[in-house]
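Shown next, in structure tokens, is the structure this report addresses.
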There are 2 protein chains.
Amino acid sequence: MKLNEGIEWAIHCCSILAALPPDIALSAKRLAEFFDLPSHYLAKHLQSLSQAGLVSSSKGPGGGYSLAKPADQISVLNIVQAIDGRAAHFQCTEIRQRGPSGVEPPCYKNPCGIARTMWRAEKAWRAELAAVSLADIGQLGLNEIPQTQMDKSLHWFESVIK
Amino acid sequence: MKLNEGIEWAIHCCSILAALPPDIALSAKRLAEFFDLPSHYLAKHLQSLSQAGLVSSSKGPGGGYSLAKPADQISVLNIVQAIDGRAAHFQCTEIRQRGPSGVEPPCYKNPCGIARTMWRAEKAWRAELAAVSLADIGQLGLNEIPQTQMDKSLHWFESVIK
DNA sequence: GGCAGGTTACTCGGATAGCGATTGTCCGAGTTGATCTGG
DNA sequence: CCAGATCAACTCGGACAATCGCTATCCGAGTAACCTGCC
């Protein structure tokens, strides 16, 4: 199992948007340029974020994407689920009901213990991701980004936005 | 992202092996028959369990698979990792280092906050799975399996093992 | 009757195709901002 | 100089290929039990 690569891109892009003034939009092309990513493919993932209501989009010159909500109201889980879907990773196919020892479906009152175990683990995973907001990610970044990169980033923003 | 379907099969098969007397081996064919699964494909996953040292295999007539360790020393995480590999689900490609604002790799002392967040969530996921052993799964089963199924299963075992 | 050798049937293990989801790419619809023209 | 219409460039959004990993299958290597013939 491998997590969708676009998840990394989406979280990074959202954290950039969170650092910008709220009324500034950044196009998919600019975001791709900032991270040196294939712009068309990144656009596909940004569309998912837009459909999930995490970012709002505007067309035409000066348009692009901006956060639809304050950064502290968007969790990492929101972004992950927007890109990767909300389906459970483990899917129980009820093989206990099959084969020579299976009995009628109504006899099974609960999901089987194996599925419950897997789902409990997924729940813990989601809880960890839900506990971290974009604002938290931004704060981490402010504390740890090399000063040189911060300067280059600010310079890049100014050259692009004007 | 979807978890390998074989994980469900492998855990069910291991829980069956855990319920058997330790000196009894069950072949891939029999296990597939019990759950009505494609035997050849199930065999592939059982090989993974064997390579991981969770089950021991014996060839020839009367051979098959049996648990290599006591059921309380095999966690669900062991099985999941045997089938799905031990690689992290989230792979950080360090896109923060790329693009016009990137600086030299030595400037980045820690993994980026996004990767740390994702990995912390995976750690919580693994911890939940590591906390459940095959013995626990078996206990859950004993408490919840319909009596009719238990009878049919015992009957099937007797007809197969003799 | 007991034993040695050969045979047979059964099992695992790795090597080999098929398919679906993720990855990657493109063009059309729509909007905004600037430009140009006329008053 | 200002207002309005036109135009052009830019952006998103959905539709269309290519690649990789999961799914599925097979056959060969090895082993244990069994059977047969001989002592």
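Below, chains carry the letters A, B, ... as their sequence lines are ordered, and counting in each starts from 1. No hydrogens, no waters, no symmetry mates; every other heavy atom, side chains included, goes into these values.
If you find the closest nucleotide of DNA chain D to P61(B) and to A28(A), the one lying nearer the 5' end belongs to A28(A). Positionally, the nearest nucleotide of DNA chain D for S58(A) lies more toward the 5' end than for the other of S58(A) and M1(A).
The side chain of Y41(A) has dG24(C) as its nearest neighbour among dT11(C), dA29(C), dG24(C). The side chain of N4(B) lies closest to dC22(D) when the candidates are dC22(D), dG13(D), dT25(C). Checking dC12(D), dT11(C), dT23(C) against every side-chain atom of E5(A), the shortest atom distance belongs to dT23(C). When distances run from any side-chain atom of Q51(B) to the nucleotides dG14(C), dT11(C), dC12(D), the shortest one goes to dG14(C). The side chain of K2(A) lies closest to dT23(C) when the candidates are dT23(C), dT25(D), dG13(D). Listed candidates were dT25(D), dT11(C), dA29(C). Nearest to the side chain of S27(B) is dT11(C).
One interatomic measurement links the two molecules: NE2 of H40(B) to C1' of dG28(D), which rounds to 13 Å at whole-angstrom precision. Distance NE2 (H45(A)) to P (dT25(C)): 12 Å, rounded to an integer number of Å. A straight line from CG of L37(A) to P of dG24(C) spans 10 Å, rounded to a whole angstrom. Remark: C1' of dA24(D) and CG of L42(B) are 12 Å apart, rounded to the nearest angstrom. One interatomic measurement links the two molecules: CG of L31(B) to C1' of dC12(C), which rounds to 13 Å at whole-angstrom precision. One can place CH2 of W9(A) at 14 Å from P of dT22(C), the figure rounded to the nearest angstrom. Between the CD atom of Q47(B) and the P atom of dT16(C) there is a distance of 15 Å, given to the nearest Å. Counting to the nearest Å, the P atom of dG14(D) and the NZ atom of K44(A) are 10 Å from each other.
Among the atoms of the strands shown, none is found under 4.0 Å from any heavy atom of A43(B). Residue contacts shown for G64(B) are limited to sugar-phosphate atoms, with no base heavy atom under 4.0 Å away.
Looking at N143(A), its side chain never comes within 3.5 Å of a backbone N or O of L140(A) through a donor-acceptor pair. No donor-acceptor pair under 3.5 Å is formed between the side chain of D151(B) and the backbone N or O of T148(B). Side chain of S58(B) to backbone of G64(B): a donor-acceptor contact under 3.5 angstrom is found. The main-chain N or O of G113(A) is found under 3.5 Å from a side-chain atom of T117(A) such that the two form a donor-acceptor pair. Of the possible polar contacts, none joining the N4(A) side chain to the D84(A) backbone as a donor-acceptor pair under 3.5 Å is found.
Note on S50(A): every side-chain N or O is 4.0 Å or more away from OP1 and OP2 of dC12(D).
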